[in-house]
Each structure stands twice: as C-alpha cells, then as structure tokens.
Number of protein chains: 2
Amino acid sequence: MQVNIHIDDVDARILTALSGDSRRSYADVASEVGLSTAAVHERVKKMIERGVIERFSLRVDPDRVGLQFTAFVAIRNDGGAHCRDIAPRLRELPEVLELHSVAGEHDFLAKIRTTHARALEDVLYKIKAIPGVARTTSTVVLNTEFEDRPLRLPGVGEG
Amino acid sequence: MQVNIHIDDVDARILTALSGDSRRSYADVASEVGLSTAAVHERVKKMIERGVIERFSLRVDPDRVGLQFTAFVAIRNDGGAHCRDIAPRLRELPEVLELHSVAGEHDFLAKIRTTHARALEDVLYKIKAIPGVARTTSTVVLNTEFEDRPLRLPGVGEG
DNA sequence: TTTGAAATGTAGGGGGA
DNA sequence: TCCCCCTACATTTCAAA
C-alpha cells in the first residue's frame, strides 16, 4: 500500500530500519529491505532532500544528564495583540522541549524538562512574564512510561 | 562545572555536538571539543554502555509520512485492580508515541499521532476498551510550533 | 558494480592526577 | 595506581563514476 505522496513502501521500510539505529550500515539495511547498498543510499539522500528525514539525532536518557523533572504546562493567552509573539519567546527557553498550539481551554501546550521542581518555578516565572500570557496550568509528570519509540509507520509491516 | 555523576563537561559537549547531527564524524566532533578521534569514540562507547546514550535515531517529519494529526489524551483510571495494567496496554498501540504517568486530575497523559481526526476516534475506542480506563479527555493540536529540538544541557555553553 | 577516499574501531604505549 | 588520552593500523563503509 502506498503510504502517501512523499514516500513509498520501500522508503517506509528504510525509515523503520534506521529509526531503531540510525548508525546501521546501508549494506545492513539493504539486505533487510532487499535492495543494493547504493539504492538505499540514494533513497536516504533523496528523503533528506525532500525533508522527510529532518536530521539524524541521538536519544539521551534525560535522567542521566541532569533533567530528572518533567512537566506539561498549558498556557492561555489574554486575546490581545501580543498573542502572535508568545511562541517565539517560548522557543528561546531551552527547558521548553516542545510546544504545540492547541484547541480547547488553553492555547499552547508545552513540554518542559528541568533539573528539579524548583527549577520549573523559575521557568514558569519567565513564561508568565511573556507579554500576552494570561495564565499557566502545570501538570507534573510522575513517571515517563515511554517516549521517543522507534518509528511505526502506518501501512508498514502489514504486507 | 560538573553536570552530574553520569557525565562530565566533555561528555556533555560531545552529546551537544552529536545531537544536532549524529552522523558527524568523530574526527569532526574531536576537533570541536579538543580531543583525538579515538578519545571521542571511547567516550561515546562508554556513554552507550552506561545508558546515557539510549540510541542513535532519526527525526522524521510526521506530516510527510502520513501522520498529520496530533492530540494529547489525558486518561483517568477507575481506581480499581486493573490500573497497573493500563500502561502496558497503551504501549501496544503504535499511535501512542509517548505516555506519562501524571499528578493531578488525570492519571496518564498520552501523545498520539494519527493520519487524521477520524483515526484518533478509533484509537480512543481502543483506549476506552482497556480495563481500568474510566474516561479520556482529548486536546487536539492545531499546530506543532517545535519539538525534538537539539539537546541543550544544563551547564553547557556557559563557560 | 567498482574503486578510491574516508571513517570506524581496536590495540598498545605514555603521561598526568 | 589508575584513568584517560594519543598514535597507529586494520577493517569497514561511504559516495561517486
């Protein structure tokens, strides 16, 4: 089954193979998907060019690099002229790992990671100081069951 | 400044260097942090052994692989005997990208990605069918401002 | 497919805390 | 003493013709 206009089934299988370990050799991936090394290399290159692959990255255990504390912070704006400027300001805070604009009661949902609870307080003060931010609602993470799982693409592994 | 017991400053700088592009050669990283290629290699190997580096991965643009729809789903359990079994059941669903046990009004917060809104409905039915799940509250993502940013470790880049 | 260039990964020796 | 770094080299992988 064709997944979409950006990638075909073979691309999807290459992405799946690499997402678990992006340092696998192309020869290794090639034997898994049934292509030559050069063909895999060519497809990876094209997926990078098309923006399908954004970058090769590294999964670090946050607990072991001093980021033991996680919280989700919902942010509501005041409906004023500053609303458009909130996201860029939040991007400046390294503790804000991800930021989503959301529908519903709040306007943004931020995933935040710090060394400890006390440090979250500092970040919240900074967020509340951003013009246009009306209020924040924090949800403290007790335990992260899982995150950053290897990719599971729709339509792969069903044939 | 020593970040913590797991890594020192040099490790932190290596992680920072690799997190933006994990395919950078060790020689390249070595010249940046002021070590030999072999020393960088050795440190990376040890960080893998100690679990600091969990894996080398790949950042894929979800919009281009058929995952255009994102939602956060808060899950409340019924306080019964099945509560311990909810997380493993949620792990079986590939659409659930991450799962956190949280304090507050709800018990779990799940980040879910599907092809479209209709597909989220299917996932929600599956979640509600899990024994112990009392109810779910979904927050639809309108736009992801940013996520999976390159690492910014506390105590790095301040010296 | 082939082939040169480059990167990886291992071994052994040396120096500083 | 112990830990870490460096040089050197064999092997593997890359990337273009």
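Every value quoted in this text rests on a predicted model; they were computed, and no experiment measured them.
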For nucleotides 5-17 of chain C, 5' to 3', base contacts (B), sugar-phosphate-only contacts (S) and non-contacts (-) with protein non-hydrogen atoms under 4.0 Å give --SSBB-------

Check against salt bridge (Lys or Arg N to Asp or Glu O under 4.0 Å), A:Arg135 and A:Glu105
CA-CA 12 Å; A:Arg135 70 158 199 251; A:Glu105 192 184 349; 3.8 Å; yes

Taking B:Asp148 first and then B:Arg59, would you say they form a salt bridge - that is, a charged N and a carboxylate O separated by under 4.0 Å?
yes

I'd like to know if A:Glu147 pairs up with A:Lys111 as an ion pair, taking the criterion as any Lys NZ or Arg NE/NH1/NH2 lying under 4.0 Å from an Asp or Glu carboxylate oxygen.
yes

Polar contact flag, side-chain donor to acceptor under 3.5 angstrom, A:Ser57-B:Ser57
yes

Where B:Arg64 and A:His6 come nearest, the two heavy atoms and their spacing
O-CB, 3.2 Å

